[in-house]
Amino acid sequence: MAYFFSEPSHTFNEYLLVPGYSSSECVPSAVSLETPLVRYRKGETPALSLKIPMISAIMQSVSGEKLAVALAREGGVSFIYGSQSIEDEAAMVAKVKGCKAGFVESNSNITPDKTLADILELKKQTGHSTVAVTHDGTSHGKLLGIVTSRDYRVTRMDPTVKVSTFMTPLEKLITAPEGTSLKVANDIIWDHKLNSLPILDEQGCLVSFVFRKDYDMHKSNPLELLDSHKRYVVGAGINTRDYAQRVPALLEAGADVLCIDSSEGFSEWQKLTIAWIRENYGESVKVGAGNVVDREGFRFLADCGADFIKVGIGGGSICITRETKGIGRGQATALIEVCKARDEYFEETGIYVPVCSDGGIVYDHHITLALAMGADFVMLGRYFARFDESPTAKVNVGGNIMKEYWGEGSNRARNWQRYDMGGAQKLSFEEGVDSYVPYAGHLSDGVATTLAKVRSTMCNCGALTIPELQQKARLTLVSSVSIVEGGAHDVVLRATSKEV
């Protein structure tokens, strides 16, 4: 007869945190959200840590290079999606690593024989007013000049006039050689009252720009997650099929951490993948694994050598695995059991394996609940898909601005490798849907609001760090009527205008 769990599995929405004593030192500005990303031994420092407990999902509609840079600026890590060719994924990783903090690769480039009309169209596409004029119109071509909004007046110039006639030519520009430090570059900008400083290599080709406005951005992002060369930290997804070819390409491109992208991680396929990485790279390559929902699954992947383990099956907003296959577990219950197993493993072996809660996050406070239940960080898909920086298009749906969002198990993504069980190399049926999510503006604004809530709640619990929250947190299950009581009720809400 099948084994039956004695208790039902629960979701985050069925729990509340009970406030604890808050001292005068418990203020949100004093809260640290730093958390380990990869396994480490007792008494040692993790090779990689996050400044905020947020990573982005390994999804086509979420984790492109633009979002990876934006999230690293906030202190988190994005995992570039693996459901694309090896070459394309490696190129995305390389673009992120090429975006050195403060040094920006130009994405607005043009040739001198183009026209003012082309400049205006390019500005419309990129939103950037500084355009590099290169011999071939690429971001690393030989620099001939630049065009800014000060170089033209639309109302007084013919739109067919050539760029070469109104650009600021190279001989009138102040530039700096490749290898110039960010501090020196910023000093040049301030000394010469520049808005931008082109960085050139020995052949006079454009390497990057340093912008005056980015100095303020850098100062306003003290939690930026950077490697030893001041490049943004970035992760990448792999599968259990072509890892022997994909892993070397991603590492060569500069990926800092990898993660096996699979709907179910308690399998020999993940064991073989991790074993191959360890055999060829030892412990130097960091790789997460998952997903699991119980103690046995965690122990299996921890023994295999996974650097972090993801928890969650069927809880994602676009996931229909539970509907189609009847497989999964309530996210809160799964997370609590796995985190207990993590702590047991640490006591037995002296090795701490971070746990990532993946799925089931609907409201911002669910992140705090996940951390209190033991998660070291959370992986988010729908949350990040809403922002400008995600790879998808904005669309108008019924008068509301939305962004497209689809699951890796949908017909649109057709990521059969994620659901691979060693059978035919195809997606036999859908485990994800194609949908829309409400547009939410810039990632930095959304993350700031979310983390303000997390820090505030931690203070309510008397905790200034995530480990302290996990020690002090007190959680209570709530009834269905208590859930209703917790929201606005028995009032008529005033209508508010929507900002588009």
Side-chain angles (χ1 to χ4, degrees), residues 37-38 48 50 52 54-101 105 107 224-227 229 231-243 245-263 273 277 285-291 307-308 310 316 318 356 358 377-385 387-392 403-409 412-418 432 443 447:
L37 176 60
V38 297
L48 285 171
L50 299 165
I52 63 172
M54 303 170 80
I55 65 175
S56 70
I58 311 169
M59 299 176 68
Q60 294 174 10
S61 56
V62 178
S63 296
E65 66 267 26
K66 193 174 179 182
L67 188 128
V69 170
L71 184 52
R73 281 180 178 155
E74 301 302 317
V77 169
S78 186
F79 282 80
I80 301 295
Y81 64 92
S83 53
Q84 58 180 321
S85 72
I86 295 173
E87 295 75 19
D88 288 345
E89 185 181 10
M92 280 192 175
V93 170
K95 283 183 179 179
V96 179
K97 299 307 290 185
C99 188
K100 195 172 182 180
E105 182 177 334
N107 72 343
E224 281 184 322
L225 203 59
L226 308 173
D227 65 16
H229 301 288
R231 301 174 302 178
Y232 292 114
V233 173
V234 63
I238 62 174
N239 60 64
T240 58
R241 283 276 188 161
D242 62 10
Y243 51 84
Q245 296 78 41
R246 191 174 293 266
V247 169
L250 295 174
L251 295 177
E252 185 177 352
D256 297 280
V257 57
L258 307 175
C259 184
I260 302 173
D261 182 27
S262 175
S263 64
T273 303
I277 291 174
V285 172
K286 306 304 179 184
V287 55
N291 287 22
D307 285 295
F308 66 85
K310 292 199 298 159
I318 42 68
C356 170
D358 177 17
F377 51 94
V378 297
M379 176 174 272
L380 302 163
R382 179 195 61 85
Y383 178 90
F384 287 120
F387 297 127
D388 280 317
E389 294 84 356
S390 74
T392 63
K403 291 208 76 177
E404 296 176 303
Y405 181 45
W406 60 91
E408 289 296 293
R412 185 168 184 174
R414 302 204 66 79
N415 182 6
W416 64 267
Q417 293 96 332
R418 188 178 197 277
L443 179 145
V447 167

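Computation of the quantities below employed the complete heavy-atom set of this structure, encompassing side-chain atoms and omitting hydrogens, waters and symmetry-equivalent molecules. All values reported here derive from a predicted model rather than from experimental measurement.
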**Asked** What pairs with Ser390 under side chain to side chain contact (heavy atoms under 4.5 Å, CB included), at least two apart in sequence or on another chain?
**Response**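 For Ser390, the residues satisfying side chain to side chain contact (heavy atoms under 4.5 Å, CB included) (neighbours in sequence not counted) are Leu67, Thr392, Lys403.
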**Request:** For Val287 and Val247, run side chain to side chain contact (heavy atoms under 4.5 Å, CB included): C-alpha distance rounded to whole Å, both residues' side-chain angles, the deciding distance at 0.1 Å, then the answer.
**Result:** CA-CA 10 Å; Val287 55; Val247 169; over 6 Å; no
**Item:** Counterpart residues, side chain to side chain donor-acceptor pair (under 3.5 Å), relative to Tyr232 (two or more places apart)
**Value:**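 Result, side chain to side chain donor-acceptor pair (under 3.5 Å) vs Tyr232: Arg73, Glu224.
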**Request:** Start with the C-alpha distance between Gln84 and Met92, add both sets of side-chain angles, then the distance that settles side chain to side chain contact (heavy atoms under 4.5 Å, CB included), and finish with yes or no.
**Result:** CA-CA 11 Å; Gln84 58 180 321; Met92 280 192 175; 3.5 Å; yes
**Message:** Applying side chain to side chain contact (heavy atoms under 4.5 Å, CB included) to Phe79 and Ile55, what does each step give before you reach the verdict?
**Reply:** CA-CA 7 Å; Phe79 282 80; Ile55 65 175; 3.8 Å; yes
**Asked** What salt bridge (charged side-chain N to carboxylate O under 4.0 Å, His left out) pairs are there with at least one residue in residues 55-66, not counting sequence neighbours?
**Response**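 Of all non-adjacent pairs touching residues 55-66, those that pass salt bridge (charged side-chain N to carboxylate O under 4.0 Å, His left out) are Glu65-Lys95.
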**Request:** Give every residue pair that meets the salt bridge (charged side-chain N to carboxylate O under 4.0 Å, His left out) criterion with at least one member in residues 75-92, sequence neighbours excluded.
**Result:** Glu89-Arg246
Looking at [X] and [Y], what are the two nearest heavy atoms and their distance?
X	Y	result
Leu225	Gly76	CD2-O, 3.7 Å
Leu71	Ser56	CD2-N, 3.8 Å
Pro391	Gly64	CG-N, 3.7 Å
Ala289	Ile260	CB-CD1, 4.2 Å
Leu443	Phe387	CA-CG, 3.6 Å
Phe384	Val62	CB-CG1, 3.8 Å

**Asked** Which distance, rounded to the nearest 0.5 Å, do you find between the SG of Cys259 and the CG of Asp261?
**Response** 7.0 Å
**Message:** Has Asn291 got a side-chain atom pairing as donor or acceptor with Ser263's backbone, closer than 3.5 angstrom?
**Reply:**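 No, Asn291 side chain to Ser263 backbone: no donor-acceptor pair under 3.5 Å.
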**Request:** Determine yes or no for a side-chain-to-main-chain donor-acceptor pair under 3.5 angstrom, with Thr240 supplying the side chain and Thr273 the backbone.
**Result:**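 Looks like no, no N/O pair under 3.5 Å.
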Side-chain atoms of residues 248-258: list all donor-acceptor pairs with protein atoms under 3.5 Å, sequence neighbours left out, distances to 0.1 Å.
{"residue": "Asp256", "atom": "OD1", "partner": "Lys97", "partner atom": "NZ", "Å": "3.4"}
{"residue": "Asp256", "atom": "OD2", "partner": "Lys97", "partner atom": "NZ", "Å": "2.8"}
{"residue": "Asp256", "atom": "OD2", "partner": "Val234", "partner atom": "N", "Å": "2.9"}

**Verdict with reasoning, Leu37 to Val233, per side chain to side chain contact (heavy atoms under 4.5 Å, CB included)** = CA-CA 12 Å; Leu37 176 60; Val233 173; 5.7 Å; no
**Message:** Test of understanding: with salt bridge (Lys or Arg N to Asp or Glu O under 4.0 Å), list the residues that count as partners of Arg231, not counting sequence neighbours.
**Reply:** Asp227
